[in-house]
Amino acid sequence: MQQNTSETPLKRIAIFGSTGSIGTQALDVIAANPDKFSVEVLTAHQNDELLIEQAMKFNPNIVVIVDEQKYVKVKSALASTDVKVFAGEAALEEVAAMDCYDFMLAAIVGYAGLKPTLKAIENKKAIGLANKETLVVAGDIVMRKAYENRVPIIPVDSEHSAIFQCLVGEGRNRIEKVILTASGGPFIGRKPNYLVNVKREHALQHPNWTMGAKISIDSATLMNKGLEMIEAKWLFNLKPEQVHVVIHPQSIIHSMVQFEDGSIKAQMGLPDMKLPIQYAMTFPQRIKNDFPRFDFKKFNTLTFEEPDYKTFRNLSLSIDALHKGGNLPSIMNAANEIAVYAFLRNKINFLDMTDVIEKTMGAITFIPNPTLQEYFDSDGEARNFAADLIKL
Ligand code: NAD
Ligand code: MG
């Protein structure tokens with residue numbers, strides 16, 4: 001709740017997942033623009049210390065700490081302020097249903113982001129969507145609810161922000177295809193005999209982006225690009241065959257749209273998530289900032305190549321899920337979450353992740369047109385099946 005000296009009212013922001021990579025960068029954008037935004041809601045899973053620090057700095061209306069064991073600590077640290085403190089998973093939905101904010105930045109990682117985002121949509125709040133898993137799990141229902149409630153879903157994922165920016169001003173002009181760029185991750189060019197031995201620390205080192213642990217592993221396996229293909233289908237109402245991927249190791253072109261006259265529009269810039277975060281929060285306006293600028297003289301080569309679908313089989317599995325649809329993407333997503341966390345805890349090796357996902361996708365009953373409850377159930381079944389495979 002900051003001072004507003006200008007005429008335009010402050011946009012009241014709720015950051016779900018404020019302690020993560022996207023959440024902290026969003027707070028940097030807000031801190032640089034106190035005349036445009038106020039922070040109303042901050043939520044964290046377990047990082048109580050950072051949540052307290054953020055609350056002291058931004059003085060929100062409400063904070064949520066999901067881990068209930070940390071409630072007393074957060075509550076007493078904020079006792080001298082008027083910040084309201086909630087705890088527990090259910091509080092995320094409860095707060096998403098409140099009226100104290102205008103815009104939810106959906107920056108929780110994984111399936112956990114789905115329910116609060118659905119609540120915010122039902123509550124007619126604009127969404128800045130970083131949490132791609134929300135659309136992978138239940139894209140049809142999320143987009144339909146957004147349409148029914150007249151709620152904009154503005155992408156934060158850099159590729160989808162790029163496509164969104166390319167579409168501004170295009171009205172009803174038809175898209176022939178979208179081309180998502182992928183850096184290729186830290187293991188570009190590597191083969192299975194190398195990948196079988198890579199360790200967590202190595203996989204977490206992304207060449208171009210610093211991100212949370214889960215998306216970093218997804219980038220190393222190319223699952224991230226697979227999830228993004230499904231995300232693009234729902235966001236832009238595309239047929240599966242209209243969604244393409246090209247490897248572009250420099251991450252300067254963030255993605256492209258090819259229209260039916262053959263013209264291709266691309267959005268470019270240095271890899272920096274602050275730009276798509278800021279754009280989602282200020283859309284349709286662009287506002288000035290001091291982020292580093294791209295300089296053509298320093299990048300005299302931008303390269304493009306086909307993905308190695310045979311080595312990075314998660315991408316092939318995702319394309320299968322994209323085409324078959326139904327509950328298959330949600331099954332794949334759940335198995336992937338289990339596999340990634342098992343890899344992060346050194347329980348399975350890098351290539352085992354794909355085996356777990358493939359076996360789970362083959363085992364859970366396919367439902368062509370699931371209800372929301374069936375999506376939740378498929379998620380739970382797939383998690384149990386994958387965890388059994390790994391013997392977690
Ligand atoms: P992160 O791991 O850094 O942060 C995740 C946030 O979610 C934290 O605030 C954490 O407290 C919260 N959280 C984690 N588990 C939770 C749970 N079970 N319940 C409630 N809250 C929970 O992740 P991130 O890298 O910031 O990514 C967030 C989302 O944005 C992901 O869906 C990711 O795919 C997407 N995204 C991230 C980037 C990036 O550069 N980091 C880029 C594009 C898209
Ligand atoms: Mg992305």
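Only heavy atoms go into these numbers, but all of them, side chains included; no hydrogens, no water, no symmetry mates. In listed order, ligands and their atoms are each counted from 1.
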How open is the angle at the Mg ion (ligand 2) from atom OE1 of Glu159 over to atom OD1 of Asp157, rounded to 10 degrees?
-> 100°
Within a radius of less than 6.0 Å around OH of Tyr194, do more than 12 heavy atoms belonging to other residues, nucleotides or ligands occur?
-> yes
Which atoms of ligand 1 have any heavy atom of Val66 under 4.0 Å away?
-> 20 (C)
Residues Arg12, Asp102: salt bridge by 4.0 Å N-O rule = yes
Close N or O approach (Glu133, ligand 1; < 3.5 Å) = yes
Return a yes/no value for Met211: is any of its N or O atoms, backbone included, closer than 3.5 angstrom to an N or O of ligand 1?
-> no
What do you reckon, does Ser18 put a non-hydrogen atom under 4.0 Å from ligand 1?
-> yes
Mind checking whether Ser158 contacts ligand 1 via backbone (N, CA, C, O), side chain (CB onward), both or neither, at a 4.0 Å heavy-atom cut-off?
-> neither
Would one find an N or O of Ala112, backbone or side chain, under 3.5 Å from an N or O of ligand 1?
-> no
Give a yes or no on whether a salt bridge exists between Lys225 and Glu228, defined as a side-chain N under 4.0 angstrom from a carboxylate O.
-> yes
Counting only N and O atoms by type, is there a donor-acceptor contact under 3.5 Å from the side chain of Asn173 to the main-chain atoms of Glu170?
-> yes
Atom name of the N, O or S atom in Glu228 that lies nearest to the Mg ion (ligand 2) = OE2
Ligand 1 N/O within reach of Ile215 N/O, cut-off under 3.5 Å | no
Quick one: which ligand 1 atoms are inside 4.0 Å of a heavy atom on Ala130?
-> 30 (O), 32 (O), 35 (C), 36 (N), 44 (C)
Ring centroid separation Phe294 to Phe296 under 6.0 Å = yes
Heavy-atom distances under 4.0 Å are what count here, so tell me which part of Asn47 touches ligand 1: side chain, backbone, both or neither.
-> neither
Carboxylate-amine/guanidinium proximity below 4.0 Å for Asp355 and Arg313 = yes
Tell me yes or no: between the side chains of Gln250 and Thr303, is some donor less than 3.5 Å from an acceptor?
-> yes
Are Lys191 and Asp308 close enough for a salt bridge, meaning some N to O gap below 4.0 Å?
-> yes
So if you build clusters from Ile, Leu, Val, Met, Phe, Trp, Tyr with side-chain heavy-atom gaps below 4.5 Å, do Ile179 and Phe164 land together?
-> no
Answer with side chain, backbone, both or neither: which part of Lys214 has a heavy atom less than 4.0 angstrom from an atom of ligand 1?
-> neither
Go through ligand 1 atom by atom and flag the ones less than 4.0 Å from a non-hydrogen atom of Met273.
-> 40 (O), 42 (C), 43 (C)
Are any of the N or O atoms of Thr19 closer than 3.5 Å to those of ligand 1?
-> yes
Go through ligand 1 atom by atom and flag the ones less than 4.0 Å from a non-hydrogen atom of Leu92.
-> 20 (C)
For ligand 1, which part of Ser21 has a heavy atom less than 4.0 Å away: the side chain, the backbone, both, or neither?
-> both
